[in-house]
Amino acid sequence: MLTLPYIRQNKDEVLERLKVKHFMHLTLIDEVIELDEKRRQIQKQCDDIKAQQNQISKQIGQLFAQGKKEEAEQKKAESATLKDIAEALIKELDTIEHAIHDKLVLIPNVPHSSVPQGKTAEDNTVVKEGGKKPDLFPNPLPHWELAKKLDIIDFELGVKIAGAGFPVYKGKGAKLERSLINFFLDNAIQAGYQEIIPPIVINKESGFGTGQLPDKDGQMYHVPLDELYLIPTAEVPITNLYRDVILEEKDLPIKNCGYTPCFRREAGSYGAHVRGLNRLHQFDKIEIVQVTKPEDSYRALQEMCDYVESLLIKLELPYRILLLCGGDMSFASAKTYDFEVYSAAQDKWLEVSSVSNFETFQSNRLKLRYKSADKKNELAHTLNGSALGMARVVAALIENNQTEDAHIEIPTCLRTYTGFDRI
RNA sequence: GGAAAGAUGUCCGAGUGGUUUAAGGAGCACGCCUGGAAAGCGUGUGUACGCCUAAAGCGUACCGCGGGUUCGAAUCCCGCUCUUUCCGCCA
């Protein structure tokens, strides 16, 4: 959520930048500013009347103490009239505040000035490509076929237990998954991130804090009996650790990482591109989260990108880094880099990480502030990224590292974790 | 699921309708004192919004949350949430 003072003071810039995001309801900006002016005016009236009331009440107390009953009664009547006026104003104020809030939450974050124009994923800029596409033999198997042949991932069994998109990992498949989790966590800890094991259900407040609610209500699994949601990413519980918190400047930057399963309803996606591990309702992911001072957040974004890239290099996966264009960015993000790995048998780039700077968009919702050197409370910046999303990494590893006799070579960096070189 | 108790500032803690403008203590910051420190003394010490270009200053709201009674509520009434303890159930 953008802050009102920011919108008020940078109206033209906000409008200009929201166009980069292809945001349609630009009139909301003027509506919000207008409502805010009205709000301030009414609040002034309201506060003045309340001040009078408070004074009169105090006088009444004194008059009673002095035994001046009649005068006190007179004052009572006076105060009662003021009360009626104040009540009407409070009601009006309440209505306006709700209206402002309802409009404010519909306005997306403004993209950073370095975000390129563009409408769809086609318009994203490839900023870097790395690794080497494998030289595979003819007709390599897509991962779902090879995984079935080796009996390491069972999609049908998952359907029986839960439904489509809930795969069952077996034997060496399960061990590979767990090895990746440990590999990613150990690397993150090495890079200075403190590990967190958060709850994997969240309440409404948390969903609102990071921006999933009300925007993506239908994309999360909901437990109505207890009003809880299954997390779509560890970003939600980990970032919400700092909801309603005023940090000390010396605490920053905060660097957290965490492994959780992630749950996504993926309502509306179907077809060939969701086969196998490409798109799941449940998958494992290690998330990295940073909370920084405003002036440090873009350096942190770069640091996080470098870190994610280092993982892909260690895993020897061919990758590319995309700078998302305005139209393809998420609602809450100011700048996002996507990381894709090349999955050879499918001949497809699969997104395995998305690293974003939210600037103050989340912290404004979270009321996540820090006390700056001059003792002022300022909104911190929040960032997060996947490091990494498991399922698609597994898909690429299976496809790229397959041998002609239908086995899978384990990358060197994982072998101490798996305890085996091939599947 | 049943019963009871509780929720006050950074923390502890007092407060059952009007000098509470939330006592008192601790912590923290600054100053005095000191050769330096401790002790002692003094001062200050939350959040949000508004008025003001800003600062200073002032106003309003906030004692778990939401309503209500009253001229006036931390205090009385109603609803809710959470915590703790006991019982039940249980990996």
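None of these values were measured; they are calculated from a predicted model. Convention: sequence-line order gives letters A, B, ...; per-chain numbering from 1.
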Atom [atom1] of [X] to atom [atom2] of [N]: distance rounded to whole Å?
X	N	atom1	atom2	value
A/Lys50	B/C51	NZ	P	15 Å
A/Glu248	B/C28	CD	P	14 Å
A/Leu228	B/U81	CG	C1'	14 Å
A/Gln55	B/C58	CD	C1'	12 Å
A/Asp244	B/G64	CG	C1'	13 Å
A/Ile90	B/G50	CD1	P	17 Å
A/Leu4	B/A48	CG	P	15 Å
A/Gln59	B/U19	CD	P	14 Å

Short side-chain N/O contact from [X] to OP1 or OP2 of [N], under 4.0 Å:
X	N	answer
A/Arg40	B/C49	no
A/Arg39	B/G50	yes
A/Asn54	B/U60	yes

Next on the checklist: A quick test of your reading: do over 12 heavy atoms of other residues, nucleotides or ligands sit less than 6.0 Å from CD of A/Glu295?
Outcome noted: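 It does: A/Glu295 CD has more than 12 such atoms within range.
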Next on the checklist: Just checking A/Lys38: does its NZ atom have more than 12 heavy atoms from other residues, nucleotides or ligands closer to it than 6.0 angstrom?
Outcome noted: no
Which nucleotide, if any, forms a Watson-Crick or G-U wobble pair with [N], using both distances under 3.5 Å?
N	value
B/G1	B/C87
B/C62	B/G46
B/G6	B/C82
B/C41	B/G31
B/C71	B/G18

Checklist entry - Do A/Leu146 and A/Glu399 come within less than 4.5 Å of each other through their side chains, counting heavy atoms only? => result no
Provide the distance between the two [atom1] atoms, one in [N] and one in [M], to the nearest whole Å.
N	M	atom1	result
B/G79	B/U85	C1'	24 Å
B/U21	B/G72	C1'	15 Å
B/C65	B/C82	C1'	10 Å
B/U83	B/U8	P	14 Å
B/U69	B/C77	P	15 Å
B/A22	B/G40	C1'	28 Å
B/G24	B/G44	P	12 Å
B/G42	B/G50	P	39 Å

Checklist entry - Just how far is it from atom OG of A/Ser356 to atom NZ of A/Lys335, taken to the nearest 0.5 Å? => result 11.5 Å
Checklist entry - Do any of residues 363-372 of chain A sit with a heavy atom less than 4.0 Å from RNA chain B, and if so which? => result A/Arg369, A/Lys371
Checklist entry - Near RNA chain B, which residues from residues 92-103 of chain A have a heavy atom under 4.0 Å away? => result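 Nothing qualifies; none.
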Checklist entry - So what does A/Ile246 touch, heavy atoms closer than 4.0 Å: a base, only the sugar-phosphate, or nothing? => result sugar-phosphate
Next on the checklist: Does A/Glu287 form a side-chain hydrogen bond (donor to acceptor under 3.5 Å, both in side chains) with A/Tyr259? I'd like the steps, not just the answer.
Outcome noted: CA-CA 6 Å; A/Glu287 187 79 0; A/Tyr259 153 68; over 6 Å; no
Item to check | A/Tyr221 and its side-chain hydrogen bond (donor to acceptor under 3.5 Å, both in side chains) partner, picked from A/Arg264, A/His281, A/Arg265 | outcome: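 That would be A/His281; it is the only one of A/Arg264, A/His281, A/Arg265 passing the side-chain hydrogen bond (donor to acceptor under 3.5 Å, both in side chains) with A/Tyr221.
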Item to check | Which nucleotide in B/G59, B/C51, B/U47 has an atom nearest any side-chain atom of A/Asn377 | outcome: B/U47
Item to check | Output field: ring centroids A/His381/A/Tyr298 closer than 6.0 Å | outcome: no
Next on the checklist: Could you check whether A/Phe361 and A/Phe331 have their ring centres less than 6.0 Å apart?
Outcome noted: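 Close enough - the centres of the two rings lie under 6.0 Å apart.
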Would you mind checking if [Y] and [X] are paired as a salt bridge, meaning a charged N to carboxylate O distance below 4.0 Å?
X	Y	result
A/Arg243	A/Glu205	no
A/Lys148	A/Asp154	no
A/Glu249	A/Lys371	no

Checklist entry - How do A/Pro5 and A/Asp47 order along RNA chain B: which one's closest nucleotide is nearer the 5' end? => result A/Pro5
Next on the checklist: Quick check on RNA chain B: between A/Asp48 and A/Glu87, whose nearest nucleotide comes earlier from the 5' end?
Outcome noted: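 Upstream on the strand: A/Asp48.
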Checklist entry - What one-letter contact string describes nucleotides 70-75 of chain B from 5' to 3', where B marks a base within less than 4.0 Å of any protein heavy atom, S marks contact via sugar-phosphate atoms alone, and - marks no contact? => result BBS---
Checklist entry - Does any donor atom in the side chain of A/Thr210 or A/Gln212 lie under 3.5 Å from an acceptor atom in the other side chain? => result yes
Next on the checklist: Just by distance, no angles: are the side chains of A/Gln362 and A/Thr382 close enough, under 3.5 Å, to form a donor-acceptor pair?
Outcome noted: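 Judged by distance alone, the side chains do pair up.
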Next on the checklist: Do A/Arg415 and A/Phe420 form a cation-pi contact, if we require the NZ or CZ to be under 6.0 Å from the six-membered ring centre and within 45 degrees of the ring's axis?
Outcome noted: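 Here A/Arg415 fails the 6.0 Å and 45° test against A/Phe420.
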